[in-house]
Amino acid sequence: IHYSRRSRAMRALGSRLCAVSLRTGLRHGLRCVASASTAPRGSFATLKPDDLQKLKQILGPQNVMTPEEVEREDLLRYNQDWMGKWEGRSAAVLKPATTKEVSEILAYANGQNLAVVPQGGNTGLVGGSVPVHDELVLSLLRMNHIEALDTVSGIVTVQAGCVLEQLDQYLAQHGFMVPLDLGAKGTCTIGGNAATNAGGLRYLRYGSLRGNILGVEAVLADGQVVDSLSALRKDNTGYGLPQLFIGSEGTLGVITKLTILCPPRPKAVNIAFFACSSFEHVQRTFALARQKLGEVLSAVEFCDRMAIDFVLKREAGTGVRDPLEEKFPFYVLVETSGSDGEHDQEKLHRFLEAAMSGDDDAAVQDGVVAADETQARAIWRLREGVSDAMTTAGYVYKYDVSLPLQRMYELVEETRVKLQAAGVEATAKAAGYGHLGDANLHLNVTSLSGRDDKVLDLLEPWIFEWVSKAKGSISAEHGIGQCKPHYLHLSKAESAMNLMKTMKATMDPKGILNPYKVLA
């Protein structure tokens with residue numbers, strides 16, 4: 001359904017909104033060159049035949065993969081991140097199926113001083129889940145069972161290797177949903193989501209994943225199992241141990257199970273896609289959405305025209321079209337979720353009237369409201385497809401930052417100015433998109449000619465320093481990994497970093513868990 005500010009007329013979109021064919025998390029089409037980290041190898045032991053034999057005894061020979069026994073291509077999914085930017089050379093990939101097996105592996109590795117990289121779906125964007133050198137990869141993909149669901153409270157107990165989309169599909173059968181949604185949901189795992197404290201599209205409505213996790217079972221570097229798998233919403237008995245592991249990126253322990261509080265699945269969902277003439281109008285649209293939609297507002301996303309153009313170019317010839325007749329500088333996607341369709345649509349109608357009032361200074365200039373689920377998915381694809389479209393168009397430099405809302409788009413504009421001043425604006429394209437609800441900007445710069453160190457030198461460390469001066473965070477939801485340890489001081493006070501180092505030294509004295517990550 002089209003809603004024009006000028007005509008206020010509703011009309012059916014028909015075939016103008018077509019399903020976008022996007023493949024999340026695929027390496028196809030990437031022009032990236034994998035590179036090793038500059039971090040020198042630590043004083044860890046190398047894997048010996050006796051070590052390999054012991055690991056095969058623990059897991060069974062079929063659950064241990066080595067370069068000598070398996071083709072490189074079969075190991076690539078474990079050694080290389082999905083963007084192809086970082087590639088290690090793991091001495092062995094280990095595939096446990098139980099917490100007991102994880103415990104035995106870590107106890108042995110710690111005793112032998114063998115470094116270990118915990119890994120889920122390997123969809124991260126900062127190289128946190130791949131080896132830097134020859135670390136053992138501990139893949140949790142076999143630990144994918146959903147163990148229990150309380151159908152009254154909505155509390156689910158699940159192993160860490162369960163894929164996010166599969167967990168959500170299971171919960172849907174019982175009227176619940178995961179309080180997290182990501183573009184990589186078909187590949188990422190719930191344990192990896194917890195280890196990186198992933199944000200995503202539902203943050204505005206349901207808050208952080210950290211706030212919805214009630215309990216965690218984790219294995220320490222020495223093999224000790226920490227059972228903090230509470231299913232209680234209230235438990236004020238000492239330190240909140242689960243919080244130590246959430247967001248630690250596998251450097252303090254390996255998460256093996258979680259209990260998560262899951263909200264009821266909404267029965268009525270509305271999706272709208274609006275055009276705005278400036279980022280100031282984007283902010284006004286967001287403010288009106290919060291005021292007028294209140295408790296049913298579940299997502300507010302934005303993207304600029306450059307981002308949309310990348311998606312449309314990638315999908316040229318597939319029938320995918322711009323849902324609006326005119327081009328605008330900015331677009332806002334609004335989602336409502338509730339239990340009463342008529343009630344929600346009435347609230348949406350009042351929001352539309354407010355957003356489109358004011359003649360030429362209206363917050364919204366034009367827009368569409370999805371008439372059915374197919375059109376809703378197509379609108380979401382326009383927003384979710386930006387990352388893949390910019391990745392496959394060339395070599396992409398991705399930045400995930402949080403900023404004061406009024407300054408979010410300044411960074412994109414200043415990045416373009418910097419690229420233009422350096423004379424590379426014709427081949428280096430910057431686009432901004434992200435989550436308005438939590439002021440999380442995704443700034444992507446795609447070098448159409450491939451990897452270009454000149455572009456990288458222009459962007460780093462300038463972007464991180466700019467964000468720090470603007471009182472933002474250099475990582476809103478992707479984490480630190482091996483990409484940003486040397487910039488962590490820009491977002492963390494020295495006292496905080498010293499405490500982090502103390503915690504790491506206490507919980508992992510030998511430093512075998514995910515070395516070279518988070519703390520430089």
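Just the heavy atoms: all of them, side chains too, but no hydrogens, waters or symmetry mates, feed the values below. Fair warning: this is a prediction, and the values are worked out from it, not measured in the lab.
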Discussion item. Is it true that Glu335 and Trp380 share a donor-acceptor pair across their side chains at a distance under 3.5 Å?
Written reply: yes
Discussion item. For Gln80 and Glu87, which I'm curious about, is there any donor-acceptor pair between the side chains at under 3.5 Å?
Written reply: yes
Item to complete: Find out whether Phe44 and Asp134 are in side-chain contact, i.e. whether some heavy atom of one side chain is under 4.5 Å from a heavy atom of the other.
Response: no
Worksheet item: Looking just at side-chain N and O atoms, do Thr251 and Asn514 make a donor-acceptor pair shorter than 3.5 Å?
Response: no
Discussion item. Ring centres under 6.0 Å, that's the criterion: do Phe286 and Phe302 meet it?
Written reply: no
Fill in: Minimum heavy-atom distance Lys429-Leu448, with the two atoms named
CG-CD1, 4.2 Å
Discussion item. Tell me whether the count of non-hydrogen atoms from other residues, nucleotides or ligands lying under 6.0 Å of NZ in Lys292 goes above 12.
Written reply: no
Worksheet entry | Over all atoms of both residues, closest heavy-atom pair of Ala430 and Leu443 | CB-CD1, 4.3 Å
Worksheet entry | Nearest non-hydrogen partners of Leu204 and Gly437, listed with the distance | CD1-CA, 3.8 Å
Worksheet item: Is any side-chain heavy atom of Ser248 less than 4.5 Å from a side-chain heavy atom of Leu244?
Response: no
Practice prompt. In plain terms, say whether Arg284 and Asp361 are close enough for a salt bridge, that is, a side-chain N and a carboxylate O under 4.0 Å apart.
Written response: yes
Fill in: Nearest-0.5 Å distance that lies between atom OG1 in Thr259 and atom CG in Asn212
11.0 Å
Worksheet item: Is it the case that Asn79 and Ser90 place a side-chain donor and acceptor less than 3.5 Å from each other?
Response: no
Fill in: Donor-acceptor contact present, side-chain Thr336 to main-chain Val296, <3.5 Å
no
Discussion item. Would you say that Val364 contacts Leu288 through its side chain, given a criterion of any heavy-atom pair below 4.5 Å between the two side chains?
Written reply: no
Fill in: Side-chain heavy atoms of Leu333 within contact of Leu382, under 4.5 Å
no
Item to complete: Please check if atom CZ in Arg290 has more than 12 non-hydrogen atoms from other residues, nucleotides or ligands closer than 6.0 Å.
Response: no
Discussion item. For the SG atom of Cys162 and the CG atom of Leu140, what is their distance to the nearest 0.5 Å?
Written reply: 12.0 Å
Worksheet item: Hey, is the main chain of Asp344 close enough, under 3.5 Å, to the side chain of Asn270 for a donor-acceptor pair?
Response: no
Fill in: Working for side chain to side chain contact (heavy atoms under 4.5 Å, CB included), residues Asp438 and Glu477
CA-CA 10 Å; Asp438 44 56; Glu477 60 184 5; 5.8 Å; no
Practice prompt. Would you give the length of the straight line joining atom CG of Asp304 to atom CZ of Phe310, rounded to the nearest 0.5 angstrom?
Written response: 10.0 Å
Practice prompt. Can you see which heavy atom on Ala198 is nearest to which on Leu209, and at what distance?
Written response: O-CB, 3.9 Å
Fill in: Straight-line distance of Glu413 CD to Thr415 OG1, nearest 0.5 Å
9.5 Å
Fill in: Shortest non-hydrogen contact from Trp86 toward Gln482
CD1-OE1, 3.2 Å
Worksheet item: Between Asp400 (side chain) and Ala476 (backbone), is there a donor-acceptor pair under 3.5 Å?
Response: yes
Item to complete: Check whether any side-chain heavy atom of Asn193 sits under 4.5 Å from a side-chain heavy atom of Cys188, and report yes or no.
Response: yes
Item to complete: Would you sort out whether Thr256 and Glu217 count as a side chain to side chain donor-acceptor pair (under 3.5 Å), showing the intermediate values?
Response: CA-CA 6 Å; Thr256 49; Glu217 176 189 83; 2.7 Å; yes
Worksheet item: Any side-chain heavy-atom pair from Asn122 and Val130 closer than 4.5 angstrom?
Response: yes
Item to complete: I would like to know whether Val467 and Tyr487 meet side chain to side chain contact (heavy atoms under 4.5 Å, CB included); could you show each step before the answer?
Response: CA-CA 11 Å; Val467 169; Tyr487 305 116; over 6 Å; no
Worksheet item: Can any side-chain N or O of Gln420 pair as donor or acceptor with the backbone N or O of Glu425 at less than 3.5 Å?
Response: no
Discussion item. For the NZ atom on Lys504, are there more than 12 heavy atoms of other groups (residues, nucleotides or ligands in this structure) within a distance under 6.0 Å?
Written reply: yes
Discussion item. Could you check, using the six-membered ring where one of them is a Trp, whether Phe351 and Phe274 have ring centers closer than 6.0 angstrom?
Written reply: yes
Worksheet entry | Presence of salt bridge, Glu249 and Lys517, under 4.0 angstrom | no
Worksheet entry | Glu414 and Arg407 ion-paired at < 4.0 Å | no
Discussion item. I want to know whether Tyr516 and His133 have ring centres closer than 6.0 Å.
Written reply: yes
Item to complete: Could you tell me whether a side-chain N or O of Glu135 sits under 3.5 Å from a main-chain N or O of Ala115, the two making a donor and an acceptor?
Response: no
Discussion item. Regarding Arg305 and Tyr331, do their side chains bring together a donor and an acceptor under 3.5 Å, going by distance alone?
Written reply: yes
Fill in: Under 3.5 Å: donor-acceptor pair, side chain of Ser468, backbone of Leu490
yes
Discussion item. What I'd like to find out is whether the side chain of Arg265 reaches to under 4.5 Å of the side chain of Asp168, using heavy atoms alone.
Written reply: yes
Discussion item. Whether the Gln365 and His281 side chains hold a donor-acceptor pair (N or O, under 3.5 Å, no angle test) is what I'd like checked.
Written reply: no
Item to complete: Decide side chain to side chain contact (heavy atoms under 4.5 Å, CB included) for Gln375 and Val368; before the verdict, give the C-alpha distance in whole Å, the side-chain angles of both, and the deciding distance to 0.1 Å.
Response: CA-CA 10 Å; Gln375 292 182 2; Val368 292; over 6 Å; no
Practice prompt. Go through the steps to decide whether Tyr395 and Tyr397 satisfy the test ring-ring contact (aromatic ring centres under 6.0 Å, His included), and finish with yes or no.
Written response: CA-CA 7 Å; Tyr395 190 94; Tyr397 301 91; 5.1 Å; yes
Worksheet item: Should Glu460 and Tyr399 count as side-chain neighbours, where that means a heavy-atom distance under 4.5 Å?
Response: yes
Worksheet, complete the sentence: d(Gln243 CD, Ser228 OG) to nearest 0.5 Å is 9.5 Å
Fill in: Passing candidate, side-chain contact (heavy atoms from CB on, under 4.5 Å) with Ile480, options Val126, Leu519, Leu488
Leu488
Discussion item. Let's go through Lys398 and His442 carefully: what are the C-alpha distance in whole Å and the side-chain angles of both, what is the deciding distance for side chain to side chain contact (heavy atoms under 4.5 Å, CB included) to 0.1 Å, and is it a yes or a no?
Written reply: CA-CA 7 Å; Lys398 290 179 174 287; His442 294 298; over 6 Å; no
Response to the item:
Between Gly215 and Pro242 the two heavy atoms that sit nearest each other are CA-CG, 4.1 Å
Worksheet item: Picking from His489, Lys492, Lys484, what satisfies side-chain contact (heavy atoms from CB on, under 4.5 Å) with Ile474?
Response: Lys484
Worksheet item: In terms of side-chain geometry, is the basic nitrogen of Arg381 or Asp388 positioned less than 4.0 Å from the acidic oxygen of its partner?
Response: no
Discussion item. So does Leu513 get a backbone contact from the side chain of Asp508, meaning a donor-acceptor N/O pair under 3.5 Å?
Written reply: yes
Worksheet item: Under 4.0 Å between a Lys/Arg side-chain N and an Asp/Glu carboxylate O for Glu373 and Arg377?
Response: yes
Worksheet item: side chain to side chain donor-acceptor pair (under 3.5 Å) between Asn440 and Tyr203: does it pass, once the steps are laid out?
Response: CA-CA 10 Å; Asn440 180 184; Tyr203 197 105; over 6 Å; no
